[in-house]
Amino acid sequence: MIATPQWTAAEGRQDRLIRQLTELLADASGLDLQGADPALSFFEIGLDSLFLTQASLTIQKEFGVEVTFRQLLEEVPSLQALAAHLDAHLPPEPEAPLDAPPSSRPASAQGSARPTAQEAGGDPTLLERVIQEQLAVMAQQLEMIRRSGGGSETAGATRSVEPVAPAAAPTQPNGRPAAGARPTTGPAVRIETTSRHLTAAQQRGIDDIVARYTAKTGKSKGLAQQHRAHLADPRTVSGFRPFLKEMVYPIVTTGSSGARLRDVDGNEYIDLTSGFGLNLLGFSPPFVVDAIRRQLDQGFEIGPQTPLAGEVAQLITELTGHERVAFCNTGSEAVLAACRVARTSTGRDTIAYFTGDYHGIFDEVLFRGLVRDGVPKTAPGFAGIVPGMGGNVLVLDYDDPASLAVLEQHAADLAAVLVEPVQSRHPALQPREFLRALRERTSAWGTALIFDEIITGFRTHPRGVQGLYGIQADLATYGKVVGGGMPIGVVAGSARFLDALDGGHWQFGDASMPERGVTFFAGTFVRHPLALAAAKAVLTHLKAQGPSLQERLNATTAELTNRMNGWLAARGSPLAIEYFASMMYLTYPNDLVYMGLFFPLMRGRGIHIWEGRNWFLTAAHTAADLEAVYRAFTASVEELERLGFLPHGRQAPGADTPPHPEARLGRDAKGEPAWFVPDPDRPGKYLQVETGP
Ligand SMILES: Cc1ncc(COP(=O)(O)O)c(C=O)c1O
């Protein structure tokens, strides 16, 4: 909760509002905004567009004044401008005597909001005026709260739920930012509507890119427009920025096979998005299509049991080494089930996860960790998530020994530690030792260690990261690859935890019965025959292939990535591709604002990728496909360099002698050429080399 601002006689209402807003936004974002220049834009003080959506709701709730997301971006884009806006729209403050400093009022009135007739000088006229003013102010406030949707008891209630607070603060070794300074999650709709200054040549360059791209994909664009009114689809607006506006629409496809997509305009693409990671064996592998077709012919009834449920569960236990298996429809549901059975089996409440993880769409796993006054806390990562949902979660820094210490303090109430063992948005961070430490400690504490392998499961190794690292989790979640393109979620684990779904083992013909305490987890479509038919085909194929399938793919990915990174390094580009197994992620400094052009450029060159998403190689990509990816990549980077949107070594003045053999040229926060070296603590990230006097 924000602190009530302290009155000072000299402080005007706008100053007070600036202080109040600073605290409010600091609390919600986890950023230390103390001393932030109120004239700087929200972006400049570190608040991103995603956060501003949330902030607009928080501000409306707190002040009862409507401030839209767009206003925060364009009309009132700083603390100062926002405070002035609020000042103009809030009801006027009462005139003296109420506005006078307390000491100037009669002693008996201090601490009381409403003077009595005697305190008001016994003058009924003055008293009436004061009361009328106050009633008018209250009426205005109520009207504003009502208009902002805060009028109902639930929506209007400002609840302060104290999140879990450990006894001591985690330290931040190696100068890492505090947990929570970064968002917790992966996929999200990012909309930015500010424009930046461009030279005439750059504007012409953008116009040319837009013209080429929209000429090639015009039918996709037309469909986005045609259906926007009735189809509410975050993907059709993801990545919105004014300079990209004419290219912000998804490619609409008419078909696919292997690693290729065909769109409504008749183009063919080599796909690197790979169904956000679900495509490992190619789209529509014949053995999966046949299995689904057979099941379609047989029927896909819901209600009774399909024989596939037991067969697929058995295959998963064989491949993963886990004892028992349960099914649902999405990865998010699988994570929810894992957390619920962990809580049921341990009788504890707290779930810990880490900054940078993505665990799906349920409220509890969409919190960001932040450190306020040295104490780790949580704040909702997105609008619409109530703070109270974060009351039983800890969000800590990943691969940080200080996080182990915080977990230790919470061990007695720690139901589970949930990890995305190698985070999809930071594949270069591969914290094997940290995971081992978590394994040892969670075993000692009786806490469930949950590996979220919804991307890495079956893709990196038949046993996922658990197989690669030789670490067996208590519970693991799977999805994506295992469904062969059909929707599925899987939670697997030891009987100690999975028994919470059905009471555990018993048999007919004797006195045995389900003995373990159970929780509730269900869904109309769980164990869907079509999804299970596809899963059986995928798992049977993976079992027959053995780990060599993933090993080959991982080696191909390493080769392609190293080739691209070598090319980037040689030209002093600040871009770098992180990778793990067959998952890749393009990284670049945040201040390269026009990098958004790179993605339509790649699609224009026939490579299907999304901004902010991983690239995945599949067993269906051929050597020729990868050569085409490389060529499109280098051509797109060169085009952005030519337009001056991407720096490279040749542009840097005085760039003849690198200060370090591994140094590469990039741009610093002010856009000046600067040298960067690999950060030893954060693989794939870079530190700026100080070269000044
Ligand atoms: C690691 C991880 N966990 C959970 C999920 C959620 O899975 P789903 O989108 O199927 O709900 C995802 C989705 O990308 C994921 O990458």
Side-chain angles (χ1 to χ4, degrees), residues 183-189 233-235 238 272-280 320 326-340 342 351-367 381-382 385 393 395 398 416-427 429-431 435 449-461 464-466 468-469 473 475-493 521 523 525-526 528 531-532 534-535 538 578-585 609-616:
T184 315
T185 55
V189 190
D233 177 359
R235 275 188 201 146
S238 184
L272 286 186
T273 300
S274 300
F276 306 114
L278 68 80
N279 184 359
L280 177 72
T320 64
F327 295 105
C328 46
N329 299 112
T330 66
S332 300
E333 286 175 40
V335 170
L336 177 124
C339 292
R340 193 171 290 168
I351 304 280
Y353 55 92
F354 296 94
T355 299
D357 289 1
Y358 180 61
H359 297 295
I361 63 159
F362 287 100
D363 291 13
E364 260 193 302
V365 292
L366 290 174
F367 277 76
F382 297 93
I385 297 174
V393 300
V395 188
Y398 199 34
V417 176
L418 170 64
V419 293
E420 189 188 357
V422 175
Q423 297 174 336
S424 59
R425 295 307 184 276
H426 193 0
L429 176 61
Q430 297 162 19
L435 290 167
L449 178 62
I450 308 173
F451 268 39
D452 179 348
E453 298 237 38
I454 282 157
I455 286 184
T456 52
F458 305 103
R459 168 171 288 283
T460 55
H461 180 278
V465 177
Q466 295 164 89
L468 281 178
Y469 287 2
L475 288 161
T477 53
Y478 304 97
K480 302 213 188 233
V481 165
V482 71
M486 300 295 278
I488 199 162
V490 175
V491 54
F521 182 74
F525 295 106
V526 300
H528 194 286
L532 288 175
V538 168
E578 296 187 11
Y579 74 100
F580 173 67
S582 48
M583 160 169 94
M584 302 155 79
Y585 191 68
I609 56 174
W610 280 88
E611 181 175 357
R613 299 289 197 151
N614 292 96
W615 307 344
F616 296 96

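Ligands are counted one by one from 1 in listed order, and the atoms in each one are counted from 1 as well.
Each of the atoms 6 (C), 7 (O), 8 (P), 11 (O) of ligand 1 lies under 4.0 Å from some heavy atom of S332. Heavy-atom proximity to G331, at under 4.0 Å, picks out these atoms of ligand 1: 6 (C), 7 (O), 8 (P), 10 (O), 11 (O). Residue contact check: K480 has heavy atoms under 4.0 Å from atoms 13 (C), 14 (O) of ligand 1. Residue D452 approaches ligand 1 through these ligand atoms, each under 4.0 Å from one of its heavy atoms: 1 (C), 2 (C), 3 (N), 4 (C). Which parts of ligand 1 touch H359 is read off a 4.0 Å heavy-atom cut-off, strictly below it: atoms 3 (N), 4 (C). Close approach of ligand 1 to T330 is summarised as follows: ligand atoms under 4.0 Å from at least one heavy atom of the residue are 10 (O), 11 (O).
Partners of F451 by ring-ring contact (aromatic ring centres under 6.0 Å, His included), not counting sequence neighbours: none found. Partners of F580 according to the ring-ring contact (aromatic ring centres under 6.0 Å, His included) rule, which considers only residues two or more places apart in sequence or in another chain, do not exist here.
Taking CD from E453 and NZ from K480, the interatomic distance works out to 13.5 Å, rounded to the nearest 0.5 Å.
Of the N or O atoms in I455, none lie within a sub-3.5 Å distance of an N or O in ligand 1.
Counting heavy atoms of neighbouring residues, nucleotides and ligands inside a 6.0 Å radius, atom CZ of F362 exceeds 12 of them.
In this structure, S274 contributes its side chain and F616 its backbone to a donor-acceptor pair below 3.5 Å.
Between F458 and Y478, the ring planes lie tilted relative to each other; the angle falls in the 30° to 60° range.
Both the backbone and the side chain of Y358 come within 4.0 Å of ligand 1, counting heavy atoms alone. Only the side chain of E420 comes within 4.0 Å of ligand 1, counting heavy atoms alone; its backbone N, CA, C and O stay farther away.
Remark: distances from the non-hydrogen atoms of E333 to ligand 1 are all 4.0 Å or more.
With hydrogens and angles left out, the side-chain atoms of H426 and E578 include a donor and acceptor closer than 3.5 Å.
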